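Notes for the one structure printed next.
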Amino acid sequence: MKSKKIIERPGWDEYFMQLAHLVKRRSTCLRRQVGAVLVRDRRILATGYNGAPSDIVHCEVTGCLRQKLRVPSGQRHELCRGLHAEQNVIIQCALHGVSTKGATLYVTVTPCIICAKMIINAGIKEIVIEGEYPDKMARDFLRQAKIKVRRLKKIS
């Protein structure tokens with residue numbers, strides 16, 4: 001009798017977070033690369049990474065205004081040429097007519113307050129994160145909106 005070969009497969013959370021890490025490799029941000037994958041019923045709805053809008057010169061060419069002005073992380077988001085990964089994933093859904101209602105967002109770091117507000121209004125019900133981004137207001141808003149936030153162990 002032949003023994004069956006056991007195939008090691010990642011669980012769904014690990015699978016989607018690994019995809020978020022792959023997506024973040026497309027980021028054009030010089031300070032922090034972030035990837036996001038939006039999922040519903042184990043199906044990928046859209047992906048997003050942080051960087052300059054389409055057809056706009058990337059920061060690797062122009063340099064980082066936030067670095068030049070010594071803006072601390074988490075402050076003065078308007079002084080950035082780029083969109084956040086969470087913003088891009090929601091925009092991709094809007095662009096292609098895909099509902100975000102009830103979806104789960106896998107993102108490599110905790111969303112900032114701007115992204116948290118967009119996530120709330122987009123009807124996303126759960127966020128799975130790996131890393132932390134220090135934004136107490138974002139955490140408070142997500143808690144008030146009853147959006148579940150789960151943290152996974154860091155993928156090696």
Side-chain angles (χ1 to χ4, degrees), residues 6-54 58-60 64 66-67 71-96 98-156:
I6 297 174
I7 300 171
E8 289 189 35
R9 295 172 26 165
W12 288 109
D13 283 343
E14 184 182 1
Y15 172 70
F16 292 125
M17 189 59 75
Q18 285 177 350
L19 289 174
H21 278 280
L22 179 61
V23 169
K24 86 176 187 179
R25 292 178 56 196
R26 293 279 307 152
S27 170
T28 60
C29 181
L30 300 174
R31 287 175 60 150
R32 180 191 310 257
Q33 295 181 316
V34 180
V37 177
L38 192 63
V39 175
R40 187 175 45 246
D41 299 326
R42 296 183 181 163
R43 301 289 181 255
I44 297 168
L45 303 177
T47 64
Y49 52 87
N50 57 326
S54 300
H58 295 296
C59 299
E60 64 188 4
C64 178
R66 293 173 58 80
Q67 279 180 337
V71 176
S73 181
Q75 297 179 16
R76 306 290 313 269
H77 294 286
E78 75 279 6
L79 295 176
C80 180
R81 298 173 54 76
L83 293 158
H84 290 185
E86 303 93 327
Q87 294 167 342
N88 269 326
V89 82
I90 292 168
I91 291 166
Q92 285 301 309
C93 285
L95 185 65
H96 298 287
V98 176
S99 174
T100 57
K101 187 174 183 179
T104 298
L105 179 66
Y106 288 83
V107 63
T108 55
V109 296
T110 312
C112 72
I113 185 59
I114 295 169
C115 291
K117 291 184 282 187
M118 292 178 71
I119 289 165
I120 291 165
N121 277 6
I124 294 167
K125 292 299 176 197
E126 182 178 26
I127 304 169
V128 181
I129 61 162
E130 187 181 83
E132 274 295 321
Y133 183 77
D135 194 325
K136 183 183 179 323
M137 185 181 257
R139 289 190 306 272
D140 290 345
F141 271 47
L142 293 168
R143 192 176 313 113
Q144 286 177 47
K146 295 180 175 46
I147 295 177
K148 183 177 181 180
V149 178
R150 290 190 293 123
R151 177 187 272 263
L152 296 183
K153 287 190 279 182
K154 200 161 191 84
I155 296 172
S156 50

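These numbers come from the heavy atoms of this one structure, side chains and all, not from hydrogens, waters or symmetry mates. Treat the numbers as computed from the prediction; the structure is a model and nothing was measured.
- When all heavy atoms of Cys29 and Ser27 are compared, the closest pair comes out as N-OG, 3.1 Å.
- Remark: Glu78 CD is packed, more than 12 non-hydrogen atoms of other residues, nucleotides or ligands lying under 6.0 Å away.
- Annotation: the span from Glu130 atom CD to Thr110 atom OG1 amounts to 10.5 Å, rounded to 0.5 Å.
- The shortest distance between side-chain heavy atoms of Leu142 and Ile120 falls below 4.5 Å.
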Would you give me the side-chain donor-acceptor pairs under 3.5 Å for residues 36-46, sequence neighbours excluded?
residue: Arg40; atom: NH1; partner: Ser99; partner atom: O; Å: 2.9
residue: Arg40; atom: NH1; partner: Lys101; partner atom: O; Å: 3.0
residue: Arg40; atom: NH2; partner: Ser99; partner atom: O; Å: 3.3

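- The salt bridge (Lys or Arg N to Asp or Glu O under 4.0 Å) analysis of residues 15-38, with sequence neighbours excluded, yields no pairs.
- Nearest heavy atom pair, residue Gln87 against residue Cys115, reads CG-SG, 3.7 Å.
- In this structure Glu126 satisfies the salt bridge (charged side-chain N to carboxylate O under 4.0 Å, His left out) test together with Arg150, sequence neighbours excluded.
- Contact check for Cys59 versus Thr28: no side-chain heavy atoms found under the 4.5 Å cut-off.
- Rounding to the nearest 0.5 Å gives a distance of 9.0 Å between CD of Glu86 and CE of Met118.
- Here the shortest heavy-atom pairing between Ile147 and Ile119 reads CD1-CG2, 4.0 Å.
- Listed here is the closest heavy atom pair of Ala116 and Ala138: CB-CB, 4.0 Å.
- The side-chain contact (heavy atoms from CB on, under 4.5 Å) test applied to His77 returns His84, Cys112, Ile114, Tyr133, not counting sequence neighbours.
- For Pro53, the side-chain contact (heavy atoms from CB on, under 4.5 Å) partners at least two apart in sequence or on another chain are Ile56, Leu83.
- A distance of 13.5 Å separates CE of Met17 from NZ of Lys153, quoted to the nearest 0.5 Å.
- Between Arg151 and Gly131, the shortest heavy-atom distance links the atoms NH2-C, 4.0 Å.
- Sparse packing is recorded around CZ of Arg76, with 12 or fewer heavy atoms of other residues, nucleotides or ligands lying under 6.0 Å away.
- Here Phe16 pairs with Trp12, Tyr106 under the ring pair (Phe, Tyr, Trp, His ring centres under 6.0 Å) rule; sequence neighbours left out.
- The two atoms that bring His58 and Ala52 nearest to each other are ND1-CB, 4.1 Å, heavy atoms only.
- To the nearest 0.5 Å, the span separating NE2 on His96 from CD1 on Ile91 amounts to 11.0 Å.
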| said: Apply side chain to side chain contact (heavy atoms under 4.5 Å, CB included) to residues Leu22 and Thr47 and explain how you reach the verdict. | reply: CA-CA 10 Å; Leu22 179 61; Thr47 64; over 6 Å; no
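- Rounded to the nearest 0.5 Å, atoms OG1 (Thr108) and NE2 (His21) are 6.0 Å apart.
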| request: Step by step, work out the side chain to side chain contact (heavy atoms under 4.5 Å, CB included) result for Ile129 and Val149. | output: CA-CA 7 Å; Ile129 61 162; Val149 178; 4.2 Å; yes
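- Atoms CZ and CZ, from Arg81 and Arg66 in turn, are 13.5 Å apart once rounded to the nearest 0.5 Å.
- The shortest distance between side-chain heavy atoms of Ile90 and Ile124 falls below 4.5 Å.
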